[in-house]
4 protein chains.
Amino acid sequence: MARKVDPEKHEEKRLELLEAAHRCFLREGLRGASTAMICKEAGISPGHLYHYFPSKVVIVEAMAEDYLRRLHGYFADRPEGADTSTVLLSEIWSMQGWGDVDHCRILFELLAEAGRNPRIRAILRENTRGVRAVLSQTLRAGQAKGEVDAGLEPDQVAAMLIAVVDAAPMLPLMVEGLDFAASRDLLTLMVRRFLAPQREV
Amino acid sequence: MARKVDPEKHEEKRLELLEAAHRCFLREGLRGASTAMICKEAGISPGHLYHYFPSKVVIVEAMAEDYLRRLHGYFADRPEGADTSTVLLSEIWSMQGWGDVDHCRILFELLAEAGRNPRIRAILRENTRGVRAVLSQTLRAGQAKGEVDAGLEPDQVAAMLIAVVDAAPMLPLMVEGLDFAASRDLLTLMVRRFLAPQREV
Amino acid sequence: MARKVDPEKHEEKRLELLEAAHRCFLREGLRGASTAMICKEAGISPGHLYHYFPSKVVIVEAMAEDYLRRLHGYFADRPEGADTSTVLLSEIWSMQGWGDVDHCRILFELLAEAGRNPRIRAILRENTRGVRAVLSQTLRAGQAKGEVDAGLEPDQVAAMLIAVVDAAPMLPLMVEGLDFAASRDLLTLMVRRFLAPQREV
Amino acid sequence: MARKVDPEKHEEKRLELLEAAHRCFLREGLRGASTAMICKEAGISPGHLYHYFPSKVVIVEAMAEDYLRRLHGYFADRPEGADTSTVLLSEIWSMQGWGDVDHCRILFELLAEAGRNPRIRAILRENTRGVRAVLSQTLRAGQAKGEVDAGLEPDQVAAMLIAVVDAAPMLPLMVEGLDFAASRDLLTLMVRRFLAPQREV
DNA sequence: TATGAATGAGGGTTCATTCAT
DNA sequence: GATGAATGAACCCTCATTCAT
């Protein structure tokens with residue numbers, strides 16, 4: 001009789017739990033969501049959660065890590081052939097409406113938490129570093145192709161673009177009835193003009 | 001002879017409490033900060049808080065309202081004579097370093113909360129509406145002066161600019177050791193290029 | 001300038017406060033009514049209550065005393081000429097409907113409290129002793145007139161009658177839509193038959 | 001292998017808690033008894049109470065329901081062969097002294113509460129309805145046997161008898177040193193005379 | 001006399017976590 | 001693995017009471 005259970009199944013369940021946690025955190029906030037609630041959402045008993053995570057803190061951290069990895073994964077599968085700005089904004093272009101942006105609200109939870117919690121800040125920074133590298137490289141390629149203003153410092157610009165993209169989910173919260181497509185187009189226009197090579201300035 | 005209450009003193013104390021609350025909320029989060037902690041920070045006894053506010057929920061709401069009003073007050077006292085982009089970013093230009101941006105982190109708390117709490121969302125939207133009106137007007141003036149691309153829809157752009165400005169406090173959280181002045185310059189550049197009248201497009 | 005204020009006015013205000021307290025206690029219960037609520041009901045400030053009573057406990061005791069005195073005062077002004085049973089039930093016959101019995105609900109508060117609070121019990125007993133004496137005397141007079149069974153022990157019967165009268169306010173609580181006049185008549189019938197001289201027993 | 005909850009054990013513990021609550025409520029009153037005190041009385045930790053009841057309000061309601069059911073259960077197991085009045089008073093005849101009546105004091109708490117709390121009132125009325133039905137039937141049987149005055153309306157009389165029986169616990173509170181047996185006999189006498197068929201009225 | 005600011009203990013309730021089964 | 005009973009600290013809030021004015 002095999003004692004050590006299938007580690008794959010364990011990992012799978014772990015991910016399921018993180019997704020359940022994500023839903024609860026979205027609904028109630030990082031503090032507002034209780035472990036009991038997460039367990040209910042995931043369909044397990046309250047005690048059993050501790051077979052997968054040693055504490056709620058760790059759940060938050062793991063969820064952050066997992067979420068950010070998946071979120072910024074969009075940059076990885078970006079469409080070849082598109083122009084640089086579109087590539088850089090692929091995360092937003094993969095969405096169809098404000099509804100698709102909902103799950104991003106957890107970012108605000110994480111940013112708020114990052115302001116006072118070094119571990120969450122570290123996770124955020126680590127993830128950002130990865131995304132920055134990708135964007136930086138894209139920008140450099142753009143500069144090489146003459147699509148991007150060569151005077152811009154790729155690393156700096158990459159950081160700013162991440163902030164701008166992550167700011168998008170603010171819009172539906174701050175303004176009611178904003179048109180998704182129009183906002184996306186405007187954002188794209190801003191980035192395009194920003195990056196465009198400047199003639200004889 | 002009964003001394004009639006001094007409503008001024010009451011109001012003054014109320015504001016002091018809101019500032020104490022703001023500090024606690026920054027330090028521990030909206031949920032994480034306890035009323036006891038706020039009282040300690042303000043130097044009053046735990047029960048006395050309820051002389052000024054009927055509940056913690058109301059404290060959060062009042063703090064949000066108060067904070068947003070003061071924050072976006074910057075747009076009102078903007079320097080005359082500056083170019084449109086600078087005026088629009090005056091909030092950021094009034095700051096000297098990342099330290100000055102710290103108190104803005106409460107915005108992330110509020111955005112996170114706004115996602116699930118209709119009252120906070122309403123407060124946020126009401127405040128945004130006011131700021132949008134101011135920015136919109138500035139943009140229209142810029143268009144009249146020929147400083148701003150006449151093809152841009154002022155209301156839409158105003159919303160986007162607010163999001164972009166509010167995204168700035170993300171930068172020090174996401175990237176360590178970022179230079180404040182450089183980031184501000186880059187942000188200003190982006191906005192300037194975005195708004196600039198386009199020649200023969 | 002007279003320093004010592006009119007003690008009459010003081011006493012008058014004290015009684016007003018007790019009535020306000022009675023209303024609050026009825027509405028919220030002895031524990032449920034706060035001193036703040038009583039002050040509001042009486043139209044004075046929270047601190048000022050303590051110029052009239054040293055503590056809430058004393059308010060309850062004073063209210064009990066005052067209330068019982070007034071309630072059982074009915075027995076004193078009973079109509080001459082009526083038959084013994086009617087005299088004994090004059091408290092109930094002075095009422096016109098269940099609405100008039102409402103204020104008696106405070107009795108249940110007092111009985112509950114009397115069960116565990118020796119001072120309230122003492123007040124209740126002291127008052128009961130007075131009423132018993134009156135009823136006893138009435139019964140003895142009835143026996144002398146041949147209206148009341150001479151075999152009944154007046155003191156015992158008096159106690160029972162008080163309990164029976166005080167039980168009346170239970171009826172509208174326990175049974176919905178009970179007719180007041182019919183219930184009163186039935187109660188009177190029971191007492192009349194109880195007291196009636198028995199032929200050839 | 002997961003062990004399925006034992007619902008029997010849960011129910012048993014629940015009843016234990018209700019009895020502990022009843023003791024505390026008697027000692028300190030419905031409001032005066034704290035959940036902490038109930039937990040201590042029951043020998044559990046303060047938080048654990050909420051495994052069995054969602055709130056103190058529910059505890060009070062459940063206790064009321066449970067108590068009234070058990071109290072008025074006496075009428076169900078009444079002795080056959082006794083005369084109607086004795087049957088009707090079986091609740092009191094099952095007791096041996098004032099000590100046995102102590103637990104009934106909770107009734108005064110419930111009556112006081114019923115005056116302002118619709119849910120407690122509903123519970124009280126529902127229970128009363130059941131008891132009335134039983135008493136009514138007994139009365140009708142008595143009328144058929146010629147033991148009870150046929151002119152009395154059984155439903156009305158039943159309500160009155162419940163009130164009279166529930167008034168009995170007032171006696172030891174209102175009068176010190178009252179003899180239990182004598183009071184019971186007097187009460188029985190009153191009821192007997194009340195119900196007795198009347199000759200030539 | 002009269003006010004209302006101020007206190008601090010204690011109320012009901014929640015929750016992360018542990019543990020026997 | 002999986003359950004849910006059990007804990008106890010902490011949370012938000014109420015309240016009788018005191019006191020400077």
Side-chain angles (χ1 to χ4, degrees), chain A residues 2-6 9-10 13 31-39 43-59, chain B residues 1-7 9-10 13 31-39 43-59, chain C residues 2-6 9-10 13 31-39 43-59, chain D residues 1-7 9-10 13 31-39 43-59:
Chain A
R3 198 4 91 93
K4 272 291 165 214
V5 234
D6 194 348
K9 224 172 175 182
H10 186 89
K13 191 79 188 171
R31 298 289 278 243
S34 67
T35 53
M37 183 185 290
I38 294 170
C39 290
I44 65 169
S45 67
H48 197 37
L49 187 63
Y50 289 78
H51 275 265
Y52 295 94
F53 304 96
S55 73
K56 188 183 170 183
V57 166
V58 170
I59 296 175
Chain B
M1 201 165 313
R3 159 205 40 137
K4 265 292 139 213
V5 214
D6 189 346
K9 222 170 175 180
H10 188 90
K13 190 84 188 170
R31 302 286 278 242
S34 68
T35 54
M37 183 184 289
I38 294 171
C39 290
I44 64 171
S45 69
H48 195 39
L49 186 61
Y50 290 82
H51 239 55
Y52 296 93
F53 303 96
S55 72
K56 188 184 170 183
V57 165
V58 169
I59 296 176
Chain C
R3 197 8 87 96
K4 270 290 164 216
V5 235
D6 195 349
K9 224 171 173 181
H10 187 88
K13 190 79 188 171
R31 299 289 279 240
S34 67
T35 53
M37 182 184 289
I38 294 170
C39 290
I44 65 169
S45 68
H48 197 38
L49 186 64
Y50 289 80
H51 275 264
Y52 296 94
F53 303 96
S55 73
K56 187 183 170 184
V57 166
V58 170
I59 296 176
Chain D
M1 201 168 313
R3 160 206 40 139
K4 265 291 142 212
V5 214
D6 188 348
K9 224 173 175 179
H10 187 90
K13 189 84 187 169
R31 300 288 277 243
S34 69
T35 53
M37 183 183 289
I38 294 171
C39 289
I44 64 171
S45 69
H48 195 38
L49 186 61
Y50 290 81
H51 238 56
Y52 296 93
F53 304 95
S55 71
K56 188 183 170 184
V57 165
V58 170
I59 296 176

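Below, chains carry the letters A, B, ... as their sequence lines are ordered, and counting in each starts from 1. Below, all heavy atoms of this structure are taken into account, side chains as well, without hydrogens, waters or symmetry copies. As the structure is a computational prediction, the values presented were derived from the model and not from experiment.
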Check every atom of [options] against the side chain of [X] and return the nucleotide holding the closest atom.
{"X": "D/Tyr50", "options": "E/dG8, F/dA16, E/dG12", "result": "E/dG12"}
{"X": "A/Ser45", "options": "F/dG4, F/dA6, F/dG1", "result": "F/dG4"}
{"X": "D/His51", "options": "E/dG12, F/dG4, E/dA5", "result": "F/dG4"}
{"X": "A/Lys56", "options": "F/dT3, E/dA16, E/dT13", "result": "E/dA16"}
{"X": "A/Ser34", "options": "E/dG12, E/dA16, F/dC13", "result": "E/dA16"}

Problem set entry | Side-chain touch A/Tyr50/A/Thr35, heavy atoms, less than 4.5 angstrom | yes

For the residue pair [X] and [Y], what are the closest heavy atoms and their distance?
{"X": "C/Cys39", "Y": "C/Pro46", "answer": "SG-CA, 3.6 Å"}
{"X": "B/Leu49", "Y": "B/Ile38", "answer": "CD1-CG2, 4.5 Å"}
{"X": "D/His51", "Y": "D/His10", "answer": "O-CE1, 3.7 Å"}

Exercise. Is the backbone N or O of D/Ala33 less than 3.5 Å from a side-chain atom of D/Lys56, with the two atoms forming a donor-acceptor pair by type?
Worked result: yes

For this session: Starting from the 5' end of DNA chain E, give me the residue, C/Gly47 or A/Gly32, whose nearest nucleotide shows up first.
Result: C/Gly47

Problem set entry | Nearest-nucleotide comparison on DNA chain E, the residue closer to the 5′ end among D/Val57 and A/His48 | D/Val57

Roughly, in whole Å, what's the span from [atom1] in [X] to [atom2] in [N]?
{"X": "A/Lys13", "N": "F/dT3", "atom1": "NZ", "atom2": "C1'", "answer": "13 Å"}
{"X": "A/Ile44", "N": "F/dT3", "atom1": "CD1", "atom2": "P", "answer": "7 Å"}
{"X": "D/Lys9", "N": "F/dA5", "atom1": "NZ", "atom2": "C1'", "answer": "10 Å"}
{"X": "A/Phe53", "N": "E/dC15", "atom1": "CZ", "atom2": "P", "answer": "20 Å"}
{"X": "D/Ile59", "N": "E/dG12", "atom1": "CD1", "atom2": "P", "answer": "9 Å"}
{"X": "B/Arg31", "N": "F/dC12", "atom1": "CZ", "atom2": "P", "answer": "9 Å"}

For this session: With pairs defined as Watson-Crick or G-U wobble and both distances under 3.5 angstrom, please note down DNA chain F as a dot-bracket string, | for pairing with another strand.
Result: .||||||||||||||||||||

For this session: With DNA chain F as reference, determine whether C/Met37 or A/Pro46 sits nearer its 5' end, using the nearest nucleotide of each.
Result: A/Pro46

Exercise. Can you check whether C/Tyr52 has a side-chain N or O nearer than 4.0 Å to OP1 or OP2 of E/dT1?
Worked result: no

Exercise. NA contact type, D/Leu49, heavy-atom cut-off 4.0 Å: base, sugar-phosphate, or nothing?
Worked result: nothing

For this session: Look up atom OG in B/Ser34 and atom CE in B/Met37, then write down how far apart they are to the nearest 0.5 Å.
Result: 4.5 Å

